[in-house]
Enquirer: 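First the structure, then my questions, so here it is.
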Amino acid sequence: MKFTTLSTLLLLPATALAQSSSAAGGSASAAAPSASASSAAGNSTDYLTAVLGALTGAGLTTLVTAAQGIANTTEGQALLGSLASGNKTVFAPSNQAFSNVSQDTLGDTALLTQILSYHILNNTYTASGVATAPNHTIARTLLRGGNYSLPGNFSAPLVLAKNSTNATSFEIIQTASNTTAGGNATAANLHVYVIDQVLTLPQTLTEALPAVAPQLFGLAGSIPGLADSLASANGLTIFAPTDAAIGAIQSSLGQLNSTQVAAVLSNHVINGTVAYSTRLTSSNYTSAGGEAFTFMSNSTGAYVKSANSTAKIVQSDIILNNGVVHLIDAVLVNTGSNSQAAESAYSSATAAAATSTEADTPVTATSSATGPSGSASGSSGTSAAFKVAPIAFTSSMMGGIIAAAGAIVGGALTLF
Ligand SMILES: *[C@@H]1O[C@H](CO)[C@@H](O)[C@H](O)[C@H]1NC(C)=O
Ligand SMILES: *[C@@H]1O[C@H](CO)[C@@H](O)[C@H](O)[C@H]1NC(C)=O
Ligand SMILES: *[C@@H]1O[C@H](CO)[C@@H](O)[C@H](O)[C@H]1NC(C)=O
Ligand SMILES: *[C@@H]1O[C@H](CO)[C@@H](O)[C@H](O)[C@H]1NC(C)=O
Ligand SMILES: *[C@@H]1O[C@H](CO)[C@@H](O)[C@H](O)[C@H]1NC(C)=O
Ligand SMILES: *[C@@H]1O[C@H](CO)[C@@H](O)[C@H](O)[C@H]1NC(C)=O
Ligand SMILES: *[C@@H]1O[C@H](CO)[C@@H](O)[C@H](O)[C@H]1NC(C)=O
Ligand SMILES: *[C@@H]1O[C@H](CO)[C@@H](O)[C@H](O)[C@H]1NC(C)=O
Ligand SMILES: *[C@@H]1O[C@H](CO)[C@@H](O)[C@H](O)[C@H]1NC(C)=O
Ligand SMILES: *[C@@H]1O[C@H](CO)[C@@H](O)[C@H](O)[C@H]1NC(C)=O
Ligand SMILES: *[C@@H]1O[C@H](CO)[C@@H](O)[C@H](O)[C@H]1NC(C)=O
Ligand SMILES: *[C@@H]1O[C@H](CO)[C@@H](O)[C@H](O)[C@H]1NC(C)=O
């Protein structure tokens with residue numbers, strides 16, 4: 001059975017893969033590795049062998065072990081199987097990066113599968129196509145399902161930005177810390193970047209909000225049921241006033257009764273819609289309190305308005321498992337409430353998500369994605385922000401992947 005063949009293969013020790021790769025790659029006249037030997041009839045087993053061999057050859061042995069560790073589960077097989085179809089970007093944590101991850105996590109195959117899924121983007125992304133800060137590119141990963149389902153079954157995204165229009169590297173922006181994606185290699189349909197941290201999965205509201213907006217979190221906790229309905233929302237956007245913003249109007253807030261406080265908080269929320277910064281262009285959103293939002297941006301920044309209150313967005317796109325948070329510098333003091341408008345906005349958001357065909361942003365690679373030009377881009381190695389070693393795929397490793405992928409990409413992928 002293919003299932004057995006693949007599992008057996010993936011469960012080979014990484015060193016065995018390394019040896020077969022380097023033996024094959026060591027000499028130009030050596031027999032081609034089995035992956036490319038059977039390239040005419042290349043199959044997905046060959047493809048994965050070649051990919052893992054190339055990663056091993058690049059020193060990413062912990063990543064390869066992690067991939068092998070999920071290969072005997074249904075979810076893990078689905079993830080590994082999906083690699084071969086369409087162009088993908090892989091953020092490959094170094095062994096050093098994995099050394100900061102607990103053994104408990106590495107041994108939890110379900111969690112490990114989610115983590116690895118969150119390191120793969122469903123398209124090709126290079127620095128040239130990534131937005132320049134403070135703008136962001138919202139890139140869809142392969143992480144979806146379970147606790148990570150977004151409306152329309154969209155997958156959880158990563159937030160990318162580069163520092164200047166002509167930068168040769170870009171950052172993966174996360175609350176805890178940013179990660180630079182510098183050196184990269186293109187292997188058939190995979191664009192691989194080595195990164196020096198394992199990326200953090202999207203947090204729940206209860207995990208994320210106390211860190212970025214503790215006062216707001218406390219205020220929300222004072223309204224019965226609010227925190228639960230936010231945490232369980234299928235699609236959520238929160239404009240979260242910073243502590244300083246809440247402190248600035250503490251005395252006025254103190255004069256509001258709890259109904260009014262609940263209304264004000266609801267007017268900081270979009271229910272059923274995940275409005276990343278890239279979508280805050282039209283004035284097309286209604287709050288969970290049924291009040292209209294207005295958005296504007298100019299050279300000083302991006303702003304959100306509700307009734308007569310305007311706030312500046314000071315940090316956008318903090319990714320939650322069920323939505324997104326944007327930090328704002330003022331409280332939107334709107335005690336208005338229109339439950340009918342709120343329900344109608346929620347229904348149309350839900351209906352729109354169900355039929356949405358929104359694609360992620362395809363970014364054309366700046367160099368040919370075909371051909372065994374396996375050397376990593378050297379230019380970005382000189383950047384001060386460059387924190388990771390360039391990948392050194394040998395051309396025969398690349399040849400193996402390309403040969404195997406060549407037979408698969410475009411054809412039906414019948415892995416399992
Ligand atoms: C796929 O490739 C492997 C390794 O070359 C080989 O053992 C297997 O028979 C192939 N399977 C098919 C269906 O071609
Ligand atoms: C997968 O393999 C690991 C390590 O060999 C083992 O601990 C785990 O129980 C296996 N899981 C399944 C679903 O077979
Ligand atoms: C993958 O990328 C290559 C090179 O940029 C492009 O020619 C090809 O059309 C892409 N394939 C898909 C399925 O997008
Ligand atoms: C990747 O993108 C393609 C094209 O947009 C889509 O058909 C496919 O479902 C996506 N795959 C995943 C795993 O998200
Ligand atoms: C990736 O590779 C391409 C082509 O080699 C290069 O132009 C680009 O600057 C590299 N780095 C990033 C972060 O895209
Ligand atoms: C950010 O996006 C806005 C709207 O598309 C654009 O006007 C602005 O020039 C962009 N800023 C940068 C630094 O690219
Ligand atoms: C890249 O941008 C910087 C400023 O952001 C500029 O000094 C430099 O000359 C630019 N380089 C190229 C090659 O355009
Ligand atoms: C991450 O990058 C963004 C945009 O460049 C920046 O505003 C933020 O301060 C950075 N975060 C960390 C923790 O370095
Ligand atoms: C979102 O709308 C649904 C349906 O009207 C409602 O049950 C839920 O409580 C709302 N959630 C929030 C956070 O307003
Ligand atoms: C809160 O204050 C508003 C406005 O003064 C009033 O209409 C409402 O009845 C009050 N609600 C409660 C529960 O006291
Ligand atoms: C406004 O929202 C509705 C419902 O979510 C959607 O169908 C429509 O395309 C949006 N219009 C704009 C201009 O974004
Ligand atoms: C962007 O700038 C920040 C702050 O100067 C720096 O820490 C980071 O490494 C830079 N990132 C890239 C990709 O150049």
Side-chain angles (χ1 to χ4, degrees), residues 84-89 121-126 128-137 151 158-164 167 169-181 186-191 197 200 205 211-212 220 223-238 262-263 265-273 277 286-291 301 313-318 320 322-323 327 337-351 359-371 373 385 387 402 405-406 408-411 413:
S85 65
N87 292 327
K88 300 275 185 281
T89 297
L121 302 181
N122 191 19
N123 224 317
T124 302
Y125 289 83
T126 63
S128 66
V130 165
T132 304
N135 293 352
H136 291 159
T137 291
L158 284 169
V159 179
L160 313 178
K162 64 187 174 196
N163 277 352
S164 69
S169 62
F170 60 86
E171 307 232 319
I172 304 160
I173 297 173
Q174 300 208 290
T175 325
S177 62
N178 297 338
T179 307
T180 304
T186 301
N189 67 325
L190 301 182
H191 206 79
Q197 296 181 61
T200 309
L205 184 68
V212 295
I223 307 294
L226 181 59
D228 283 348
S229 73
L230 293 173
S232 64
N234 180 24
L236 180 70
T237 304
I238 298 183
L265 292 179
S266 292
N267 287 328
H268 287 79
V269 172
I270 307 174
N271 185 11
T273 296
S277 61
T286 299
S287 76
E291 299 283 298
I313 298 174
V314 292
Q315 187 182 342
S316 61
D317 298 323
I318 298 166
L320 302 179
N322 67 339
L327 288 183
S337 176
N338 180 339
S339 59
Q340 209 174 345
E343 275 166 37
S344 144
Y346 178 79
S347 323
S348 53
T350 307
D360 55 2
T361 320
V363 178
T364 310
T366 47
S367 66
S368 166
T370 56
S373 54
K387 296 180 202 151
I402 288 159
I408 295 168
V409 174
L413 178 71

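We count ligands from 1, going down the list as the structure has it; atoms in each ligand are counted the same way.
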Enquirer: Between Lys88 and Asn123, do the side chains contain an N or O donor and an N or O acceptor separated by less than 3.5 Å?
Expert: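 The answer is no; no qualifying pair exists.
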
Enquirer: Could you tell me if any non-hydrogen atom of Ala233 lies under 4.0 Å from any atom of ligand 9?
Expert: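 The answer is no, since Ala233 has no heavy atom less than 4.0 Å from ligand 9.
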
Enquirer: What pair of heavy atoms forms the shortest contact from Thr273 to Ala349, and how long is it?
Expert: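 In this case the closest contact between Thr273 and Ala349 is OG1-CB, 3.2 Å.
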
Enquirer: Set out, in order, the CA-CA distance, both residues' side-chain angles and the distance that settles side-chain contact (heavy atoms from CB on, under 4.5 Å) for Asp317 and Ile173, then state yes or no.
Expert: CA-CA 9 Å; Asp317 298 323; Ile173 297 173; over 6 Å; no

Enquirer: Testing the basics here: between Leu320 and Leu236, what is the closest heavy-atom pair and its distance to 0.1 Å?
Expert: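 Taking every non-hydrogen atom into account, CD1-CD2, 4.3 Å.
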
Enquirer: Tell me which protein heavy atom sits closest to atom 8 (C) of ligand 9, plus the residue, atom name and distance to 0.1 Å.
Expert: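 For atom 8 (C) of ligand 9, the nearest protein heavy atom comes out as Asn271 ND2, 3.8 Å.
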
Enquirer: Let me see the working for Thr237 and Val269 under side-chain contact (heavy atoms from CB on, under 4.5 Å), right down to the final yes or no.
Expert: CA-CA 6 Å; Thr237 304; Val269 172; over 6 Å; no

Enquirer: Of the protein's non-hydrogen atoms, which lies at the shortest distance from atom 9 (O) of ligand 9, and what is that distance?
Expert: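 Of the protein heavy atoms, Ser229 CB, 4.1 Å lies nearest.
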
Enquirer: For Ala288, take its heavy atoms, then give the atoms of ligand 9 lying under 4.0 Å from any of them.
Expert: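 Those qualifying, in numeric order: 14 (O).
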
Enquirer: Do protein heavy atoms approach atom 11 (N) of ligand 9 to less than 4.0 Å?
Expert: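 Yes, there is a protein heavy atom closer to it than 4.0 Å.
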
Enquirer: Roughly how far apart are Lys162 NZ and Asn135 CG, rounded to 0.5 Å?
Expert: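 If we round to the nearest 0.5 Å, Lys162:NZ and Asn135:CG are 11.0 Å apart.
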
Enquirer: Do protein heavy atoms approach atom 14 (O) of ligand 8 to less than 4.0 Å?
Expert: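 For atom 14 (O) of ligand 8 the answer is yes, since some protein heavy atom falls inside 4.0 Å.
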
Enquirer: Where is the nearest protein heavy atom to atom 4 (C) of ligand 8: which residue, which atom, and how far?
Expert: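 Scanning the protein heavy atoms, the shortest distance from atom 4 (C) of ligand 8 goes to Ile173 CD1, 3.7 Å.
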
Enquirer: What residue and atom, counting heavy atoms only, is the protein's closest point to atom 5 (O) of ligand 9, and at what distance?
Expert: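 Result for atom 5 (O) of ligand 9: Glu343 CG, 3.8 Å.
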
Enquirer: Does Leu230 have a heavy atom less than 4.0 Å from any atom of ligand 9?
Expert: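 For ligand 9, residue contact (heavy atoms, under 4.0 Å) with Leu230 is present.
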
Enquirer: Considering non-hydrogen atoms of the protein only, which is the closest contact for atom 1 (C) of ligand 8, and what is the distance?
Expert: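 Scanning the protein heavy atoms, the shortest distance from atom 1 (C) of ligand 8 goes to Asn178 ND2, 1.5 Å.
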
Enquirer: Any nitrogen or oxygen of Asn87 lying under 3.5 Å from a nitrogen or oxygen in ligand 3? Just yes or no.
Expert: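 N/O-N/O distance below 3.5 Å exists for this pair.
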
Enquirer: Between Gln197 and Asn178, is the side-chain contact (heavy atoms from CB on, under 4.5 Å) condition met? List the steps.
Expert: CA-CA 9 Å; Gln197 296 181 61; Asn178 297 338; over 6 Å; no

Enquirer: Apply side-chain contact (heavy atoms from CB on, under 4.5 Å) to residues Leu121 and Leu160 and explain how you reach the verdict.
Expert: CA-CA 11 Å; Leu121 302 181; Leu160 313 178; 4.2 Å; yes

